[in-house]
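Here the structure comes first, spelled out in structure tokens, and everything after it is commentary.
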Amino acid sequence: MSSGLYFLFLLIVRCPPEVASYEKIENKIMLITYANTLGGSLAQLERVLAQYFPGAFGGIHILPFFPSSGDQGFAVIRYDIVDPRFGTWDDVDRLGQQYYLMADFMLNHISIRSEEFRDYMHRGDASPFREMFIHWDTFWPGGEPSEEELNTLYRRKAGGPYRTFVRDDGKTVRLWNTFFEEQIDINPYAAPTQKYYQNNLGLLASHVPLVRFDAFAYASKRHGTSCFFVEPDIWNILEIGMEPLRKAGAEMLPEIHEKYTIQMKMAERGHWVYDFALPMLLLHGLHFGRADCLIHWLNICPRKQFTTLDTHDGIGLVDAEGLLTGDEIDATQEIVDALTADIRPYLPFPSVVRVPGKPVQRYQMMTTYYSALGCDDRAYLLARAIQFFSPGIPQVYYVGVLAGENDVEELRTNPDPRAVNRHPFTEQEIAASVQRPIVRRLQALMRLRNTCPAFNGDICVKTGGDNSKLTITWTNSACSITLCADLADKSFCITERRGESYIEHFCQPA
């Protein structure tokens, strides 16, 4: 099936009558935002988008809007209500009637403030939720991992990925804890976990057509392995999570930050995937004036994907491994570090990952994408133009929509390095930002991406004649649109053909 027919299929498929009448997935740009970072609440978000961003978005990924105990919403206490600070399900549904929505679900973990975990801490072995949690001492056949087994783990923090708790009966237990102190991992094969999945995923799918499985690859745990995207276990776990979504007619997007080949495996099975390699490939191309690595990727990358340049996390380095050499990744990272030197005093420790068989390596760069390009308007607009012409549906993070710089002031007091790219914008700040030329041009480019029918057709990517140039053309029947760009001088031109007429939409000269 061609990409054009596929997107047409998405547009005409509708849920059965008993399922909520939300907007289905469309080939239009998706905004990524927290419920309270563009105005303060879901109701204000709706108004801000209508007033300041008309036509810019077809969809919204609302980052976790549930009651949570940490990690800016990702330590979810319960999924059945919207955090009252943000609004209600009515606010979510109202947005869902105007945009196609995505919401997060954590297959891998739950908040330690959740009813399920508190019940286990209180009732101990008598709790119906005991088997929901992964006991470190019984996970390993010998009670403890050997040094070799520990070194085989894919780890995001030093030491063993567990946390020690004392239950109300006085017994000390060690439970699997991959990420932060407020999150505790859960066993996807346990009966109470599967009931938890069924109830909460079924509820989510009644409000949104697309559910993102956050930290999906960490849910597969088997002793003697990396406990990260372990096959065939990961496919069994995916089926468990997909069952309640299929019943509701919803789809799934797995969040996996690792070498691009994992995304290819997911895509081969027909799933949506993220293009997390594109951000680094574009940074490398724009900083070194090279289009060759980027062109190679655009020609082989999955077509059923969401593209990103920026998200609520950092810019991934591991995702581009194999598409860029280690030296190319390091050289790009060094340039970005130099351009963002003002935040270094507040980021003493880089984001790292411990990958089996390799030394500890840097995982993400903490910066806004605009700052990673040295706040260069020409480079930034070209980066977005290439993203919008890349295969897949573009996502734009709310800070990136406003070409936001690193929030140095927030870093002075916030210990989370990701705060550099999580500035909450007041309506006054939004009103001022949308008057900036770069933001106005970006919005015009977004509206073109959403309305030109050529993007529902077929793509052709080729070199523009030398190593710094590329040409991307989308063709759909009598309509086509072409981006000609030079990554060395940041020039580009977009030309649309409709029948015998030609329209030049953008021209950023050399």
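Ion pairing between R422 and E410 fails under the 4.0 Å rule for side-chain N and carboxylate O. Checked for salt-bridge contact, K259 and D319 miss the test: no charged N lies under 4.0 Å from a carboxylate O. Ion pairing of E115 with R78 is absent here, as no side-chain N (NZ or NE/NH1/NH2) approaches a carboxylate O to less than 4.0 Å. Taking 4.0 Å as the cut-off between side-chain N and carboxylate O, D214 and R212 count as a salt-bridged pair. Using a cutoff of 4.0 Å between basic side-chain nitrogens and carboxylate oxygens, R85 and D83 are scored as salt-bridged. Taking the charged nitrogens against the carboxylate oxygens, R412 and E409 do have a contact shorter than 4.0 Å, which makes a salt bridge.
Ring centroid separation for the pair W176 and F133 does not come in under the 6.0 Å cut-off. Aromatic ring centres of F213 and W272: separated by at least 6.0 Å. Separation of the F86 and F65 ring centroids does not fall under the 6.0 Å cut-off. Residues Y218 and F228 bring their aromatic ring centres within 6.0 Å. Between F179 and H109, the ring centre distance stays below 6.0 Å.
Looking only at atom types and distance, the side chain of K221 has a donor-acceptor partner in the side chain of N108 under 3.5 Å away. Checking W297 against D275 by side-chain atom types alone, a donor-acceptor pair falls below 3.5 Å. Side-chain contact, T178 with D185: a donor N or O sits under 3.5 Å from an acceptor N or O. No hydrogens or angles considered: nothing links the side chains of E239 and W235 as a donor-acceptor pair under 3.5 Å. Side-chain contact check for Q98 and E46: at least one donor-acceptor pair (N or O, by modelled atom type) lies under 3.5 Å. Judged purely by distance below 3.5 Å, without hydrogens or angles, the side chains of T367 and N406 pair a donor atom with an acceptor atom. Side-chain atoms of D93 and H207 include a donor-acceptor pair closer than 3.5 Å. Checking R354 against Y154 by side-chain atom types alone, no donor-acceptor pair falls below 3.5 Å. At a cut-off of 3.5 Å, with distance as the only test, a side-chain donor of T340 or R344 sits close to an acceptor on the other residue. In this model, no donor atom of one side chain and acceptor atom of the other lie less than 3.5 Å apart for T193 and N187. Judged purely by distance below 3.5 Å, without hydrogens or angles, the side chains of Q97 and R94 never pair a donor atom with an acceptor atom.
Side-chain atoms of Y162 never come within 3.5 Å of backbone atoms of I134 as a donor-acceptor pair (strictly under, hydrogens ignored). Side-chain atoms of Q183 do not come within 3.5 Å of backbone N or O of G70 as any donor-acceptor pair. In this structure, the side chain of K304 engages the main chain of G270 through a donor-acceptor pair within 3.5 Å. For T368 (side chain) and G404 (main-chain N/O), a donor-acceptor pair under 3.5 Å exists by modelled atom type. Side chain of S220 to backbone of F229: a donor-acceptor contact under 3.5 angstrom is found. Of the possible donor and acceptor atoms, none in the side chain of T308 sits under 3.5 Å from a partner among the backbone N and O of D310. No side-chain donor-acceptor contact under 3.5 Å links Q194 to the backbone of A191. The backbone N or O of G87 sits nowhere less than 3.5 Å from a side-chain atom of D91 that would complete a donor-acceptor pair. Formation of a donor-acceptor pair under 3.5 Å by the S127 side chain with backbone atoms of G124 is not found in this model. Listed for the R118 side chain is a donor-acceptor partner under 3.5 Å among the backbone atoms of R113.
Distance check, rounded to the nearest 0.5 Å: CG of L210 to NE2 of H61 gives 8.5 Å.
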>> Working note: L281 + R290, criterion side-chain contact (heavy atoms from CB on, under 4.5 Å); need CA distance, chi angles, decisive distance, verdict.
In response: CA-CA 10 Å; L281 285 166; R290 284 178 52 185; over 6 Å; no
> Do Q305 and Y274 pass the side-chain contact (heavy atoms from CB on, under 4.5 Å) test, and can you show the C-alpha distance, the side-chain angles, and the key distance before you say yes or no?
Replying inline: CA-CA 5 Å; Q305 64 176 3; Y274 275 112; over 6 Å; no
>> Before you tell me yes or no, could you show the steps for S69 and S111 under side chain to side chain donor-acceptor pair (under 3.5 Å), namely the whole-Å CA-CA distance, both residues' side-chain angles and the distance that decides it to 0.1 Å?
In response: CA-CA 7 Å; S69 62; S111 169; 2.6 Å; yes
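For the pair R130 and Y120, the NZ or CZ position fails the cation-pi test of under 6.0 Å to the six-membered ring centre and within 45 degrees of the ring normal.
When side chains are defined from C-beta on, Q361 counts as touching V353, because their heavy atoms get closer than 4.5 Å. Two residues are said to be in side-chain contact when any heavy atoms from C-beta on lie closer than 4.5 Å; I234 and V230 fail this criterion.
Heavy-atom neighbours of E148 CD from other residues, nucleotides or ligands within 6.0 Å: at or below the threshold of 12.
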